[in-house]
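Only one structure is covered here, and it is reproduced in the block below.
All figures in this text were calculated on a predicted structure; none of them were measured in a lab.
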Amino acid sequence: MQIYNTLTNSKEEFKPLNNNTVLMYVCGPTVYDLSHLGHARMGLVFDIIVRYLRYLGYNVNYTRNITDIDGKIVQKAMELKLTSEQISRYYANAFSKEMQALNTVSPDLEPKATDYLAQMIAFIEELIATNHAYVSSTGDVYFSCQTFKEYGKLAKKNINELLTGAREQVRSQDELSKYKRSPIDFALWKVCDIHETVWPSPWGLGRPGWNIECSTMIKHVLGETIDIHGGGEDLIFPHHENEIAQSECLHHKQLARFWIHNNFVNVKSQKMSKSLGNFTTINELLGSYSSDTIRLFVLQNNYRHPVDFSPSGLSAAKLAINRLVNSIQAIDPGITWPDFLKPKINEPNYNKFLPTKSQIQEFLNTLNIPTDFGQNFQLEFEEAMNNDFNTAIAISKLFNLSDQIQTSPDLKTKQNLAILLKIYAQVLGFTLVDESQKVPPSTALDLVNLIIELRNLSRSNKDFKQSDYIRDKLLSFGIEVMDSAKTTWKIK
RNA sequence: GGCGGCAUAGCCAAGUGGUAAGGCAGAGGUCUGCAAAACCUUUAUCCCCCAGUUCGAAUCUGGGUGCCGCCUCCA
């Protein structure tokens, strides 16, 4: 299994530190607004990583934090005259629902910054005690970047260049830099006096800096060294760089062995972002496209390359998904699925128990799948995924399989290959639910009216045999028809 | 300015030394009372430009052009 590591800018063989257990932490959302496609991409990329690692048999501890301390949350709360907690709870909830609607596996742990204040303060105190941090004349606490000689190793930045860059650029921060020993030092604790959302600390009322929460929660939830740390590419600098600095200064241990970063969703080759206002929310998207469609659209691209958002791209993905859904119809409806493959969508956390390779293999052995094709398929699928999660190739194998199903002359082969397709689509998180015959309520109303109209046509033709048949049939569906001057109906 | 990335058919996109995956659109066909859907077949002598290394390059090296991201909150 090769994974591209941002730390070394190269693909490396992945092995967890401790046997079979993978400790994985992903930077989650700051909950102050609805999420957009870009957040969905982050969710989907790490969803695939968790799914596939579990498929390989790893015991993955998937932790994704919720940032519920942030100036933007405070600002929104003031605008709406609500508390920060109300705002963050609302949007954390919305995010969780959206991620579920996208059929992503839920994190095992979802720590919130507000639950780790004491630990953050202790963390900062230790950094001060070891001279990696200092209290400025304003009372704010800063991390002293120059005490960490490896500062810049993740983002490949040279500390001197950062210093010159900062001097030229951050003119608006002149005020601030007077209190910092170095312009690149970042805040660990900021004192402030907005009543609503401040916490007491040895340095006075205030809020923790953004970077300290992840270092602290990783330490307390997962440990001092984790296997995988992930997030969006824009977090590399300064956020992840700063996490490394804080944690490694304190623990003298590597914070994360593999750093995985996903690229962005672009709109007309410009980054989709809140600040540019060119975003489409996940909810809007889910109104027009299924989770499978969105998933295909995202996963057809390499996760380290930008995806260009376009309605035509999504429509293409929608049609493509149809082909897989149609091929699945070849499955014998009488098949008995093993427990681990049964849909358990109504159970909470159903998707945490993902089938492993060996479970799938055991089941496939009971079927009579032509070994030449079936085994090649699995090998090629895994070869693709083992190469830094090359979902584009893995998906193309799904379409190859679909072609095999359609062109195979033998019914049993068709059925078995369709089972193979369904299982491996599931490994990639596709549901392949056939939604083509889902009748929306408004259409149901139109249908009843159409049948009443046709029945009235029979009645006016004095074809009472047919009109009675329709009335009885409708009644058996629970729809009572009443003929007066005008025919009416109601649900009985 | 520094660092990083990208440039492949009409469109999206994988491939990073051995002769171009996959999806959409297009073309032809099967099916069909008509229509639609579905399915099948087919579609790049070539991978931004120039020079070089090599038996062999889209893939490596050097140079150039264009686009994007990070360096400031952002997945």
Side-chain angles (χ1 to χ4, degrees), chain A residues 6 9 11 26-30 32-33 35-46 64 67 70-73 75 95 152 154-166 168-173 176 183-184 186 210 230-241 261-266 268-276 279 282 293 296-327 329-330 380 384 387 390-403 405-407 436:
Chain A
T6 309
N9 275 3
K11 287 181 192 172
V26 175
C27 284
T30 302
Y32 70 101
D33 204 351
S35 307
H36 57 65
L37 221 204
H39 301 94
R41 186 179 194 190
M42 179 274 293
L44 286 168
V45 165
F46 290 100
R64 187 178 61 206
T67 297
D70 187 276
K72 291 189 287 287
I73 299 172
Q75 200 185 337
F95 179 73
L154 181 70
K156 318 290 178 299
K157 290 190 186 298
N158 174 305
I159 211 158
N160 293 321
E161 283 165 1
L162 281 168
L163 285 169
T164 48
E168 284 163 15
Q169 250 176 41
V170 194
R171 206 161 297 157
S172 61
Q173 291 192 3
L176 201 59
I184 57 171
F186 57 91
W210 172 43
E233 201 170 62
D234 52 351
L235 298 181
I236 295 174
F237 194 89
H239 184 53
H240 289 162
E241 194 68 58
H261 293 97
N262 64 279
N263 210 310
F264 306 115
V265 174
N266 290 342
K268 297 196 175 86
S269 51
Q270 244 196 342
K271 181 178 164 183
M272 179 182 282
S273 75
K274 291 275 166 64
S275 43
L276 289 169
F279 57 90
I282 299 176
T293 298
L296 182 67
F297 176 70
V298 168
L299 296 183
Q300 270 184 326
N301 293 264
N302 183 310
Y303 75 90
R304 290 188 282 113
H305 297 170
V307 173
D308 216 62
F309 170 79
S310 71
S312 66
L314 278 156
S315 308
K318 187 176 184 172
L319 289 165
I321 280 291
N322 268 344
R323 290 193 44 205
L324 298 182
V325 172
N326 285 326
S327 296
Q329 306 313 314
E380 289 170 10
N387 181 14
N390 192 329
T391 49
I393 293 287
I395 287 168
S396 78
K397 299 302 168 193
L398 255 33
F399 283 98
N400 290 157
L401 193 48
S402 170
D403 288 345
I405 293 164
Q406 298 297 159
T407 53
S436 62

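The side chain of A:Asn302 has B:G15 as its nearest neighbour among B:C73, B:G15, B:C39. Closest to the side chain of A:Val265, out of B:C73, B:C68, B:A75, is B:A75.
The partner of B:A21 cannot be assigned: no Watson-Crick or G-U wobble pair with both contacts below 3.5 Å exists in any strand. A 3.5 Å limit on both hydrogen-bonding distances identifies no Watson-Crick or G-U partner for B:U16. Under the Watson-Crick and G-U wobble criteria, each requiring two contacts below 3.5 Å, nucleotide B:C3 is paired to B:G69. Searching all strands for a Watson-Crick or G-U wobble partner of B:A58 with both distances below 3.5 Å returns nothing. Under the Watson-Crick or G-U wobble criterion, with both distances below 3.5 Å, B:A27 is paired with B:U41. The base-pairing partner of B:C48, taking Watson-Crick or G-U wobble contacts with both distances under 3.5 Å, is B:G64.
Rounded to whole angstrom, the span from the CD1 atom of A:Ile395 across to the P atom of B:G22 amounts to 14 Å. The interatomic distance linking A:Ile236 (CD1) with B:C73 (C1') rounds to 16 Å, in whole Å.
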Identify the pairs formed between an N or O of the protein and an N or O of nucleotides 23-31 of chain B at a distance under 3.5 Å, and give each distance.
residue : atom : partner  : partner atom : Å
B:G23   : OP1  : A:Arg323 : NH1          : 2.7

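Within the structure, a side-chain polar atom (N or O) of A:Asn390 is placed less than 4.0 Å from OP1 or OP2 of B:G15. Taking 4.0 angstrom as the limit, A:Asn326 places a side-chain polar atom (N or O) nearer than this to OP1 or OP2 of B:C39.
Under the 3.5 Å distance criterion, the side-chain polar atoms of A:Glu233 are left unmatched by any main-chain donor or acceptor of A:His261.
Comparing A:Thr407 and A:Ala392 by the nucleotide of RNA chain B whose heavy atom lies nearest to each, the residue mapping closer to the 5' end is A:Ala392. Checking A:Asn301 against A:Arg41, the closest nucleotide of RNA chain B that is more toward the 5' end is the one next to A:Asn301.
Between the base of B:C73 and the side chain of A:Lys274 there is no donor-acceptor pair shorter than 3.5 Å.
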